[in-house]
Amino acid sequence: MKILHYIPEHFHSIDMGDDYKSVLRDSVSRLADNEIAENYSDFKQKAEKLKPEIIHIHACWNLSAYRVQHWASRHGKVVVLSLHKKMHRWHVSNYLFLHKLPLLIIYQRKAIKEADAVLSTTTTELRRMEKIGWNPRNTIIKNALLCGTITREEMARQLCCLYQKVIDSNSFRLMTPADRELENKMLRESIYPHQNNADILHNQADEMQPNHADDAQLRKILIHSRNEGVLGNIEEGAHHLGIALPAISDSIRENTIDLFPNRLPKNTEPIEREKLIVKSRRKKTALSNIMADEKPTETERQICLMLVNIEQEMRHKTLSRKHLTELFQAIRFTEYDEDMVLRMFKQLRIRKFAARMLQIMKEMYGLEVGFMPISPINDKKTENIRKQLLHINI
């Protein structure tokens with residue numbers, strides 16, 4: 001892992017002197033790639049060189065620290081924010097109306113809320129942050145320079161454990177395009193009948209050799225797929241592709257690895273295909289009319305219900321990759337009357353949404369045009385769906 005620390009050069013704190021920086025430079029560097037920046041210009045240069053996964057900001061009430069956090073957010077990096085006692089009640093109340101309150105209103109509260117982990121050094125500060133409730137991802141690591149119950153080496157080890165926890169809790173954000181394509185490939189490999197899949201995968205524009213995936217790459221894929229309800233598919237696909245899964249895969253499957261709470265919990269139960277989850281009376285009436293007039297088969301009815309319910313799950317940001325996989329399997333591997341399904345799409349007013357989802361499944365799963373009940377649409381609204389799927393970590 002690669003960590004870039006930001007400690008503003010004019011930021012003063014009793015527990016952040018040269019000895020603290022030496023712990024970061026020496027003890028932490030034995031366990032991870034590690035750099036320290038002390039101003040915004042230096043930070044940008046070192047970030048370009050190191051390409052860190054984690055930005056660890058050691059400052060509160062500091063505008064340059066917030067600039068660094070904003071940069072990290074725009075570049076897809078995860079942020080650990082160390083408070084260093086600056087959120088103790090007595091410290092916040094000091095110069096509150098002259099200095100702290102304006103900063104609190106402008107950016108400090110936002111900085112804490114958006115951090116991927118908030119690190120306290122005392123139990124008092126940790127309890128205060130939990131009570132305030134700005135961010136559920138609070139943790140504590142005591143400072144070895146001020147506390148005799150922990151050594152420098154132990155503090156460094158706990159910091160690296162925290163960094164791994166933050167990486168694991170943000171697995172999708174830290175996956176590269178190559179990682180995501182490998183995940184798609186393993187998923188396709190498990191979905192298609194294995195004897196027919198070789199030709200499909202051969203035609204994919206993909207130069208990656210999946211058997212060269214390293215453990216860190218696979219760890220992120222496995223954690224993300226478990227969060228999305230498709231871990232079993234990924235494991236099966238890895239087996240077909242000859243990819244050896246890391247030892248951590250057992251802990252991921254058993255859900256025993258240490259993770260922060262998910263900001264966007266997913267619905268990994270099977271997508272509802274027997275009834276509408278949307279409360280729209282218009283759609284319910286349209287479905288009743290369709291059932292009375294068109295007499296669709298159970299498969300045709302289920303495909304339409306799945307699409308309407310997926311649209312609803314997207315609106316609530318609870319859509320999981322399991323749902324998309326189930327929709328793909330229904331469209332690709334079941335028999336139905338395409339003309340009937342198209343008429344149902346029109347009456348339910350989901351024709352264009354369905355066409356855009358078919359485009360997404362073509363890209364993610366390799367869905368062939370010959371198995372689509374309607375021609376796919378690739379327009380600005382399709383791009384908005386892609387962005388939303390990325391935002392909810394599909």
Side-chain angles (χ1 to χ4, degrees), residues 1 3 52-57 60 65-66 68-83 87 104 107-120 126-141 159 161-177 179-180 183 216 219-231 234 251-252 255-269 271 277 310-324 384-394:
M1 67 184 80
I3 302 97
E53 296 167 291
I54 294 176
I55 308 298
H56 190 162
I57 299 172
C60 271
Y66 183 68
V68 166
Q69 185 169 349
H70 183 65
W71 181 95
S73 176
R74 286 190 293 108
H75 289 81
K77 311 297 182 182
V78 296
V79 172
V80 175
L81 177 61
S82 280
L83 302 176
M87 284 301 293
L104 190 67
Y107 66 81
Q108 188 56 59
R109 183 173 183 269
K110 189 172 188 291
I112 293 174
K113 286 184 68 175
E114 293 181 354
D116 296 289
V118 179
L119 178 59
S120 300
L126 175 65
R127 288 174 179 168
R128 174 170 167 75
M129 295 311 300
E130 290 174 341
K131 184 177 180 180
I132 291 173
W134 290 347
N135 192 322
R137 297 182 167 196
N138 292 290
T139 190
I140 180 172
I141 297 177
L159 278 171
C161 287
L162 171 63
Y163 298 146
Q164 187 62 63
K165 181 177 180 178
V166 172
I167 289 172
D168 290 342
S169 301
N170 295 275
S171 55
F172 184 81
R173 274 175 57 196
L174 294 174
M175 285 167 63
T176 65
D179 295 338
R180 294 175 187 177
E183 182 182 52
R219 182 185 181 115
K220 286 181 280 191
I221 291 172
L222 290 170
I223 292 173
H224 174 245
S225 64
R226 190 211 63 193
N227 293 341
E228 296 292 325
V230 291
L231 178 58
I234 294 298
S251 297
I252 294 171
N255 198 22
T256 56
I257 64 169
D258 193 17
L259 298 172
F260 283 112
N262 198 330
R263 292 184 187 273
L264 294 170
K266 299 299 190 65
N267 176 13
T268 55
E269 295 297 319
I271 189 68
I277 61 174
I310 279 175
E311 186 178 34
Q312 182 73 358
E313 294 277 9
M314 280 185 61
R315 288 175 180 167
H316 288 85
K317 299 182 179 179
T318 55
L319 179 68
S320 67
R321 178 161 285 208
K322 181 180 180 68
H323 299 158
L324 290 182
N384 290 338
I385 291 175
R386 286 193 197 95
K387 290 178 180 178
Q388 184 176 351
L389 293 179
L390 289 175
H391 179 67
I392 62 176
N393 296 350
I394 288 289

K.L.:
Give a yes or no on whether the backbone of Leu119 and the side-chain of Thr139 come within a donor-acceptor separation of less than 3.5 Å.
P.N.:
no
K.L.:
Apply salt bridge (charged side-chain N to carboxylate O under 4.0 Å, His left out) to the pair Glu53 and Lys77, showing each step before the final yes or no.
P.N.:
CA-CA 6 Å; Glu53 296 167 291; Lys77 311 297 182 182; over 6 Å; no
K.L.:
For the residue pair Gln388 / Asn384, report whether a side-chain donor-acceptor contact shorter than 3.5 Å exists.
P.N.:
no
K.L.:
Kindly say whether His391 contributes a backbone atom to a donor-acceptor pair with the side chain of Lys317 at under 3.5 angstrom?
P.N.:
no
K.L.:
Could you report the tightest heavy-atom contact between Trp134 and Arg109, atom names first, then the distance?
P.N.:
NE1-NE, 3.2 Å
K.L.:
Which heavy-atom pair separates Asn262 from Arg137 by the least distance, and what is that distance?
P.N.:
CA-NH2, 4.3 Å
K.L.:
Please report the interatomic distance CD1(Ile132) to CD1(Ile112), rounded to the nearest 0.5 Å.
P.N.:
7.0 Å
K.L.:
Is the side chain of Arg226 donor-acceptor paired with the backbone N or O of Asn255 at a distance under 3.5 Å, no angle test?
P.N.:
no
K.L.:
Just verifying a value: how many Å separate Ser320 OG and Leu264 CG, rounded to the nearest 0.5 Å?
P.N.:
12.5 Å
K.L.:
Just so I know, are the side chains of Asp116 and Ile54 near enough to count as touching, which here means a heavy-atom distance under 4.5 Å?
P.N.:
no
K.L.:
Is any side-chain heavy atom of Arg180 less than 4.5 Å from a side-chain heavy atom of Ile221?
P.N.:
no
K.L.:
Between Ser169 and Leu259 (side chain of the first, backbone of the second, donor and acceptor by atom type, cut-off under 3.5 Å), is there such a pair?
P.N.:
no
K.L.:
Can you tell me how far CG of Leu319 sits from CD1 of Ile310, rounded to the nearest 0.5 angstrom?
P.N.:
6.0 Å
K.L.:
Can you confirm whether the side chains of Asn393 and Arg173 place a donor and an acceptor under 3.5 Å from each other?
P.N.:
no
K.L.:
Any heavy-atom pair between the side chains of Lys165 and Ile257 that's under 4.5 Å?
P.N.:
no
K.L.:
For Thr268 and Gly229, which heavy atoms make the closest approach, and how far apart are they?
P.N.:
CG2-N, 3.7 Å
K.L.:
Does the side chain of Asn135 come within less than 4.5 Å of Arg263's, by heavy atoms?
P.N.:
yes
K.L.:
Determine whether Val80 and Val166 make a side-chain contact, defined as any pair of heavy atoms from C-beta on separated by less than 4.5 Å.
P.N.:
yes
K.L.:
List the steps and the verdict of side chain to side chain contact (heavy atoms under 4.5 Å, CB included) for Lys322 and Ile271.
P.N.:
CA-CA 8 Å; Lys322 181 180 180 68; Ile271 189 68; over 6 Å; no
K.L.:
Evaluate the ring planes of His224 and Phe172, with Trp represented by its six-membered ring, and classify them as parallel (under 30°), tilted (30 to 60°) or perpendicular (over 60°).
P.N.:
tilted
K.L.:
Between Thr318 and Glu313, do the side chains contain an N or O donor and an N or O acceptor separated by less than 3.5 Å?
P.N.:
yes
K.L.:
Quick one, Asp258 with Asp168, criterion side chain to side chain contact (heavy atoms under 4.5 Å, CB included). Give me CA distance, side-chain angles, the key distance, then yes/no.
P.N.:
CA-CA 8 Å; Asp258 193 17; Asp168 290 342; over 6 Å; no
K.L.:
Under 3.5 Å, is there a donor-acceptor pair between the Tyr163 and His56 side chains?
P.N.:
yes
K.L.:
May I ask you to test the Glu114-Gln69 pair for a side-chain heavy-atom distance under 4.5 Å?
P.N.:
yes
K.L.:
Which heavy atom in Val79 sits nearest to a heavy atom in Ala72, and how many Å separate them?
P.N.:
CG2-CB, 3.6 Å
K.L.:
Does the salt bridge (charged side-chain N to carboxylate O under 4.0 Å, His left out) test come out yes or no for Glu183 and Arg321, once each step is laid out?
P.N.:
CA-CA 11 Å; Glu183 182 182 52; Arg321 178 161 285 208; 3.5 Å; yes
K.L.:
To the nearest 0.5 Å, how far apart are CD1 in Ile141 and OG in Ser82?
P.N.:
7.5 Å
K.L.:
Let's go through Met87 and Met129 carefully: what are the C-alpha distance in whole Å and the side-chain angles of both, what is the deciding distance for side chain to side chain contact (heavy atoms under 4.5 Å, CB included) to 0.1 Å, and is it a yes or a no?
P.N.:
CA-CA 8 Å; Met87 284 301 293; Met129 295 311 300; 3.8 Å; yes
K.L.:
Kindly indicate whether the side chain of Arg219, heavy atoms from C-beta on, has any atom under 4.5 Å from the side chain of Gln164.
P.N.:
yes
K.L.:
Would you check if Cys60 and Leu83 make a side-chain contact, meaning some heavy-atom pair closer than 4.5 Å?
P.N.:
yes
